[in-house]
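Report on the following structure.
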Number of protein chains: 2
Amino acid sequence: MRRMHKENNLTKNQQIIFDLIDKSPEPLKAYSILFNVQKKGIKAPLQVYRALDKLVEMGKIHKIESRNAFIACQNSSCQVSKATAFSICEMCEKITEISSSSLSKYLANFKDKDGMKYSKYNLEFFGLCKKCR
Amino acid sequence: MRRMHKENNLTKNQQIIFDLIDKSPEPLKAYSILFNVQKKGIKAPLQVYRALDKLVEMGKIHKIESRNAFIACQNSSCQVSKATAFSICEMCEKITEISSSSLSKYLANFKDKDGMKYSKYNLEFFGLCKKCR
DNA sequence: CTTATATATGTTATATTATTACATATTGTT
DNA sequence: AACAATATGTAATAATATAACATATATAAG
């Protein structure tokens with residue numbers, strides 16, 4: 001290996017796994033990722049989960065919590081993901097990252113009754129997409 | 001058993017599991033629930049998951065997706081839960097249901113770029129609670 | 001360049017979370 | 001009483017995720 005992570009470069013495993021997720025039209029699950037990268041030498045679940053953790057941390061991908069699946073960041077790529085919102089079609093499972101500045105402003109400034117402000121949030125909307133309606 | 005679910009009554013297993021979650025100060029995980037209700041005759045994971053599914057469907061409890069844990073509804077109890085928001089302390093894991101009419105109004109009326117409106121949402125905020133700050 | 005430290009990888013085993021499949025029982029309705 | 005719908009019981013297994021430990025590579029400091 002030439003070098004590891006200078007600046008924001010990805011390591012070998014991270015790159016392999018990011019590429020797969022990034023070119024996928026739909027969110028991928030950890031073991032489906034594992035299956036798809038075995039030919040590239042990634043053999044164990046832990047290797048996948050470690051790369052996923054780092055990629056999430058960097059904001060390159062997001063986890064769709066209600067689906068245990070991972071999707072490449074579709075917004076301001078490569079930023080740390082502290083504020084995520086997704087649209088999920090309950091029929092066809094099409095999942096899209098929502099990019100709405102009014103929504104993100106509203107949520108970033110939201111304070112609860114005790115005045116607690118939050119450093120991070122994840123929002124998942126459910127409904128029917130155009131096709132499925 | 002005398003009767004099952006007339007009106008909104010819970011069945012035997014649902015009641016046992018709801019009572020446990022309702023009196024718990026913190027969200028409970030499925031297998032911790034299972035362990036705690038084995039003395040009451042509920043022996044298998046599936047019995048727990050089935051009751052949990054129904055209770056979520058009825059809005060008596062909510063699932064905290066990022067934690068795979070279940071919490072009793074703390075808002076308008078016993079309504080179908082289509083709109084949920086939680087506050088999660090990343091230090092002590094204290095989790096609270098957020099009850100803010102402005103937030104719920106904002107989200108219930110949110111439309112994305114394509115004009116898509118949603119029938120359901122789940123929002124999880126992360127930060128540090130009062131004690132942990 | 002060499003050493004130290006942090007980060008990444010490889011590997012095995014195992015823990016945790018959730019569902020499939022099938023049989024039986026109870027409820028509410030006709 | 002007969003039926004359909006819902007709930008329960010049980011065993012097996014699938015799917016998701018982490019612990020523990022060894023090795024390798026990268027970056028920073030001397």
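Reminder, nothing fancy here: chain letters follow the sequence lines and each chain counts from 1.
- A distance of 10.0 Å separates CG of A:Leu123 from CD of B:Glu124, quoted to the nearest 0.5 Å.
- Not one side-chain nitrogen or oxygen of B:Lys63 sits closer than 4.0 Å to the OP1 or OP2 atom of C:dT17.
- Between A:Glu57 atom CD and C:dA6 atom C1' the separation is 14 Å, expressed in whole Å.
- Within residues 28-49 of chain B, the residues having any heavy atom closer than 4.0 Å to DNA chain D are, in order of number, B:Lys43, B:Ala44, B:Leu46, B:Gln47.
- Ring geometry for B:Tyr121 against A:Phe125 counts as perpendicular: the plane angle is over 60°, on a 0 to 90° scale with 30° as the lower cut.
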Ignoring hydrogens and angles, write down the donor-acceptor pairs under 3.5 Å from the side chains of residues 25-43 of chain B, residues two or more places apart or on other chains.
| from | atom 1 | to | atom 2 | distance (Å) |
| --- | --- | --- | --- | --- |
| B:Lys29 | NZ | B:Arg67 | O | 3.3 |
| B:Asn36 | ND2 | B:Ser32 | O | 2.8 |

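- Closest to the side chain of B:Lys12, from the set D:dG9, D:dT16, C:dA18, is D:dG9.
- As a whole-Å value, the separation of A:Leu10 CG from D:dT25 C1' is 16 Å.
- When the P atom of C:dA18 is taken as reference, atom CZ of B:Arg67 falls 14 Å away, rounded to whole Å.
- D:dT18 atom P lies 14 Å from atom NZ of A:Lys54, rounded to whole Å.
- Rounded to whole Å, the distance from CG on A:Asn9 to C1' on C:dT7 is 15 Å.
- In this entry the distance linking CD of A:Gln14 with P of C:dG10 reads 12 Å, nearest Å.
- No path of Ile, Leu, Val, Met, Phe, Trp and Tyr side chains, each step under 4.5 Å between heavy atoms, connects B:Tyr118 with A:Phe86, placing them in separate hydrophobic clusters.
- Atom pair B:Asp53:CG and D:dT6:P shows a separation of 15 Å (rounding to whole Å applied).
- Distances shown here put every side-chain N or O of A:Thr11 at or beyond 4.0 Å from the OP1 or OP2 atom of D:dA26.
- Taking NZ from A:Lys60 and CD1 from A:Ile71, the interatomic distance works out to 14.5 Å, rounded to the nearest 0.5 Å.
- Note that NZ of A:Lys113 and OG of B:Ser99 are 4.0 Å apart. Values are rounded to the nearest 0.5 Å.
- Look at A:Asn68 and you'll find a side-chain N or O under 4.0 angstrom from OP1 or OP2 of D:dA17.
- For B:Arg50 and C:dT19, the CZ to P distance is 12 Å, given to the nearest whole Å.
- The line from CD of B:Glu93 to SG of B:Cys132 is 10.0 Å long, rounded to the nearest 0.5 Å.
- When the side-chain nitrogen and oxygen atoms of B:Asn13 are compared with OP1 and OP2 of D:dG9, one or more of them lie within a distance under 4.0 Å.
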